[in-house]
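Please read the structure below before turning to the comments.
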Amino acid sequence: MSPQLEASCLLLSANVSYANAARDLKQLTGIYVDHSTQQRLVHRQEFVEVIAEQTVTDLSIDGGKARLRTDKGKPSEWRDYKAVTLHEEAHAAFFQENEALVDWVNRQPLSETITCLGDGHPGVWNLMADISTPEQRREILDWYHLKENLYREHLSYAISRNTQRKSMRE
């Protein structure tokens, strides 16, 4: 297999299932590489751990769900993953390996104060709690979720005040 074809297989396998990578590769190049070959290519790769070249001053962590394909007729299974970006420096994703994510971040050259940006989900903040030291972390809720929480609190307050006014009039 040529290096270019192997690189194409790896790129497609990173974005879709192995079966879909085989289908897409055939569509794009006219060359069919079976899904099991796609999987073997991925599993034999050595992924070198990335270490930031400069001091990391800020990072973001987010999580999501990955759908695992199951046998036909059976319901899909969903599993958690977490991704971290060391802004301007490096990115990594971990599939059901929260401790590995924290260890990887803590091996990076972190600044005296590290800004940690997250969406407010407990799973994200639990990970951030193990990064660096509490004195070094500056934890920030992202703008979207901050607005969402403020709106929810404002709405809750407005409803409460309206209920109080009605009860006072009665």
Side-chain angles (χ1 to χ4, degrees), residues 1-52 56 58-108 114-132 137 139-153 155:
M1 178 178 296
S2 75
Q4 181 62 43
L5 183 59
E6 184 173 339
S8 297
C9 289
L10 292 171
L11 177 64
L12 290 169
S13 293
N15 292 310
V16 294
S17 68
Y18 298 122
N20 289 348
R23 182 200 65 215
D24 293 350
L25 186 69
K26 172 78 170 153
Q27 178 70 34
L28 293 168
T29 67
I31 300 170
Y32 180 74
V33 177
D34 188 66
H35 68 90
S36 57
T37 303
Q38 303 269 356
Q39 185 177 14
R40 275 194 304 277
L41 286 172
V42 170
H43 287 278
R44 78 173 188 208
Q45 295 302 307
E46 289 188 35
F47 297 100
V48 180
E49 181 177 288
V50 176
I51 299 293
V56 177
D58 43 25
L59 63 86
S60 299
I61 297 177
D62 202 359
K65 299 271 187 194
R67 179 179 154 249
L68 302 181
R69 295 177 67 181
T70 56
D71 292 334
K72 202 169 193 164
K74 292 186 179 176
S76 295
E77 294 180 17
W78 294 86
R79 298 287 188 267
D80 294 328
Y81 71 88
K82 299 287 187 305
V84 59
T85 181
L86 310 176
H87 298 190
E88 310 294 327
E89 286 298 316
H91 315 281
F94 297 83
F95 184 67
Q96 296 185 312
E97 296 180 308
N98 290 344
E99 191 174 311
L101 180 147
V102 170
D103 291 344
W104 180 77
V105 171
N106 284 325
R107 283 193 300 274
Q108 304 299 321
I114 181 86
T115 301
C116 301
L117 181 67
D119 65 5
H121 187 278
V124 168
W125 294 112
N126 289 339
L127 291 174
M128 290 204 195
D130 292 331
I131 292 173
S132 195
R137 278 191 317 275
E139 299 174 356
I140 298 177
L141 182 63
D142 71 62
W143 182 249
Y144 175 84
H145 290 91
L146 174 65
K147 283 179 45 180
E148 182 181 58
N149 288 332
L150 287 173
Y151 177 76
R152 186 179 317 125
E153 289 302 315
L155 185 60

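Scope of the values below: all heavy atoms of this structure, side chains included, with no hydrogens, waters or symmetry mates.
- The minimum heavy-atom distance linking L86 with W104 is given by the pair CD1-CH2, 3.6 Å.
- For the pair T85 (side chain) and S60 (backbone), a donor-acceptor distance under 3.5 Å is absent.
- For the atom pair CD (Q39) and CZ (R44), the distance works out to 13.0 Å, reported to the nearest 0.5 Å.
- Put simply, OG on S8 and CG on L25 are 6.5 Å apart, with the number rounded to the nearest 0.5 Å.
- By the 4.5 Å heavy-atom criterion applied to side chains, Q108 and L59 are not counted as neighbours.
- Defined by atom type and a distance below 3.5 Å, a donor-acceptor pair is present between the side-chain atoms of S13 and Q38.
- A salt bridge between K65 and D80 is present, with a side-chain N of the basic residue lying under 4.0 Å from a carboxylate O of the acidic one.
- Atom CD1 of I61 sits about 9.5 Å away from atom CZ of F94, to the nearest 0.5 Å.
- Here the side chains of N126 and N98 are not in contact, with every heavy-atom distance at 4.5 Å or above.
- Here the SG-CG distance, from C116 to L141, works out to 13.0 Å after rounding to the nearest 0.5 Å.
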Working for side chain to side chain contact (heavy atoms under 4.5 Å, CB included), residues D58 and L117: CA-CA 8 Å; D58 43 25; L117 181 67; over 6 Å; no

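- Contact detail for G63 and V124: the closest heavy-atom pair is N-CG2, 4.4 Å.
- When all heavy atoms of L68 and F95 are compared, the closest pair comes out as CD2-CZ, 4.1 Å.
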*Worked verdict on V84 versus L127 for side chain to side chain contact (heavy atoms under 4.5 Å, CB included)*: CA-CA 10 Å; V84 59; L127 291 174; over 6 Å; no

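- Pairing each heavy atom of D119 with each of W125, the nearest pair is C-NE1, 4.3 Å.
- The environment of H87 atom NE2 is dense: over 12 non-hydrogen atoms of other residues, nucleotides or ligands sit within 6.0 angstrom.
- With a 6.0 Å radius and a threshold of 12 heavy atoms from other residues, nucleotides or ligands, Q96 has its CD atom above the threshold.
- Nearest heavy atom pair, residue C9 against residue L41, reads CB-CD1, 3.6 Å.
- Within a 6.0 Å sphere centred on CD of E88, heavy atoms belonging to other residues, nucleotides or ligands number 12 at most.
- Side-chain contact between V105 and D130: absent, with no pair of heavy atoms (C-beta onward) separated by less than 4.5 Å.
- The structure places CD1 of I131 at 8.0 Å from CD1 of I114, a figure rounded to the nearest 0.5 Å.
- With rounding to the nearest 0.5 angstrom, the CD atom of Q27 is 12.5 Å from the CG atom of N20.
- Nearest heavy-atom pair, A129 versus R137, reported as atom, atom and distance to 0.1 Å: O-NH1, 3.3 Å.
- Other residues, nucleotides and ligands place no more than 12 heavy atoms under 6.0 Å from the CZ atom of R69.
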